[in-house]
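Right, one structure below, let's go through it.
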Amino acid sequence: MSSSGQMVDWNLAVATATRMAGQGPDVSRAEADEVVAELREGAARSTPLVREYTGLTAEAGTAPVLVVDRGGWIQANADAFSQVMGPVVEKLQQRKGAPSGLTELVGSRVTGLEAGALLGFLAGKVLGQFDPFHTPGDGSSDIGRLLLVAPNIVQAEREIGADPTDFRLWVCLHEETHRVQFTAVPWMRDHLQSQIDLLVDGVEVDPGKLAAMLGDAVKRAGDLVTGRGEASLIDLFATPAQREVIDRVTGVMSLLEGHADVVMDGVGPTVIPSVKEIRAKFNRRRKGAGSLDRLLRRLLGLDAKMAQYRDGAHFVRTVVRDVGMDGFNKVWVEPDHLPSKEEIAEPLAWVRRVHG
């Protein structure tokens with residue numbers, strides 16, 4: 001897997017994650033076929049619903065829809081991580097040289113186990129995901145791909161006692177909105193890629209500076225575990241310049257996630273009879289995790305992701321209420337119109353900046 005295979009044993013990561021994640025809930029073959037068919041139908045049905053509600057036009061079929069199991073999600077994300085890490089590894093090798101054979105072997109297996117543990121934990125949580133950076137490799141013009149994780153959707157609908165048909169369409173509306181965001185706004189993928197490139201450029205490879213960063217991170221990790229800190233492990237190891245990039249990315253991701261939540265709840269009442277009940281139960285499920293689960297979510301920054309849904313949705317609803325959907329859609333005109341992290345918290349500041 002490219003040069004990043006020298007840093008992470010991705011085959012080991014996939015194997016570790018697959019064992020850790022398990023298969024998910026028991027379903028018969030007939031039930032599995034029904035779930036797959038209903039999710040595919042829900043994704044196709046969502047396209048015109050999202051277009052009508054948002055005013056964003058994205059042609060159907062511009063990104064493949066894959067209904068996957070946990071193993072399929074793990075493999076897809078291992079491939080994506082391998083691609084993203086390639087430039088980081090190349091940068092490290094340019095400055096420090098390639099590792100010896102033994103160092104490479106031991107190091108790649110250790111990091112493979114670590115990556116596998118992360119993917120294994122997440123593989124049981126994710127309901128769906130749009131991967132904007134996936135490249136088909138067959139010369140097609142597809143932009144990304146949409147993944148729907150069938151066993152997790154079934155597990156979630158069972159846990160909250162939701163109507164399966166309603167819940168599956170509800171999930172599809174959220175994920176289809178992400179597909180529309182990237183296919184109707186073609187510069188969005190390049191913009192996010194540019195921010196990732198900036199993070200890579202800021203990777204610190206000087207051993208002395210790395211040691212100082214590690215020491216600072218360890219001092220603050222205690223606050224993080226006990227709930228007194230607000231950062232995640234990712235934030236603890238970021239340089240000041242990288243934190244600025246992270247803040248910009250946080251603003252964008254809050255917008256994308258909040259927009260998708262607003263769409264799924266806005267469209268929902270017209271096509272999903274039990275949408276209000278689903279939302280209430282789903283929100284309670286998010287809060288009801290055990291102590292270990294909550295700690296892992298906090299360390300990995302997943303609590304921050306939950307805040308992105310909430311804060312981003314508030315931003316979208318406030319702006320739409322003030323300037324209408326057409327006025328809100330100015331956010332998609334160019335990168336400079338994207339809200340900052342601060343504007344996500346103060347939506348009317350964005351309105352004043354963009355609308356004057």
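For the single chain, residues carry numbers from 1 onward in sequence order. What you see below is based on every heavy atom in this structure, not just the backbone, and it leaves out hydrogens, waters and symmetry mates.
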From the options Phe328, Phe182, Tyr53, select the one residue that forms a ring-ring contact (aromatic ring centres under 6.0 Å, His included) with His259.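 So, applying the ring-ring contact (aromatic ring centres under 6.0 Å, His included) to His259 and each of Phe328, Phe182, Tyr53, only Phe328 qualifies.
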Between His178 and Gln181, is any side-chain donor less than 3.5 angstrom from a side-chain acceptor? yes
Looking only at side-chain N and O atoms, does Asp163 offer a donor or acceptor that is under 3.5 Å from a partner on Ser274? no
Quick check: does any side chain N or O of [X] sit under 3.5 Å from a backbone N or O of [Y], one acting as donor and the other as acceptor?
X	Y	result
Asn329	Leu56	no
His174	Met264	no
His355	Val323	no
Asp69	Pro151	no

Going through the distances and angles, do Lys341 and Asp311 end up as a salt bridge (Lys or Arg N to Asp or Glu O under 4.0 Å)? CA-CA 10 Å; Lys341 182 181 178 181; Asp311 298 342; over 6 Å; no
Sequence neighbours left out, what pairs pass salt bridge (Lys or Arg N to Asp or Glu O under 4.0 Å) with at least one residue falling in residues 144-162?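 Applying salt bridge (Lys or Arg N to Asp or Glu O under 4.0 Å) to every pair that reaches into residues 144-162, excluding sequence neighbours, yields Asp131-Arg145, Glu157-Arg168, Glu159-Arg285.
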Give a yes or no on whether Glu334 atom CD has more than 12 heavy-atom contacts from other residues, nucleotides or ligands under 6.0 Å away.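 Atom CD in Glu334 is crowded, with more than 12 foreign heavy atoms closer than 6.0 Å.
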So does Glu346 have more than 12 non-hydrogen atoms from other groups sitting under 6.0 Å from CD?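 Count not over threshold, so no.
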Among Asp322, Thr318, Val331, which residue meets the side-chain contact (heavy atoms from CB on, under 4.5 Å) test with Trp350? Val331
Shared-cluster residues of Leu12, by chain and number - hydrophobic side chains joined below 4.5 Å: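 Besides Leu12, the hydrophobic cluster comprises Leu113, listed by chain and residue number.
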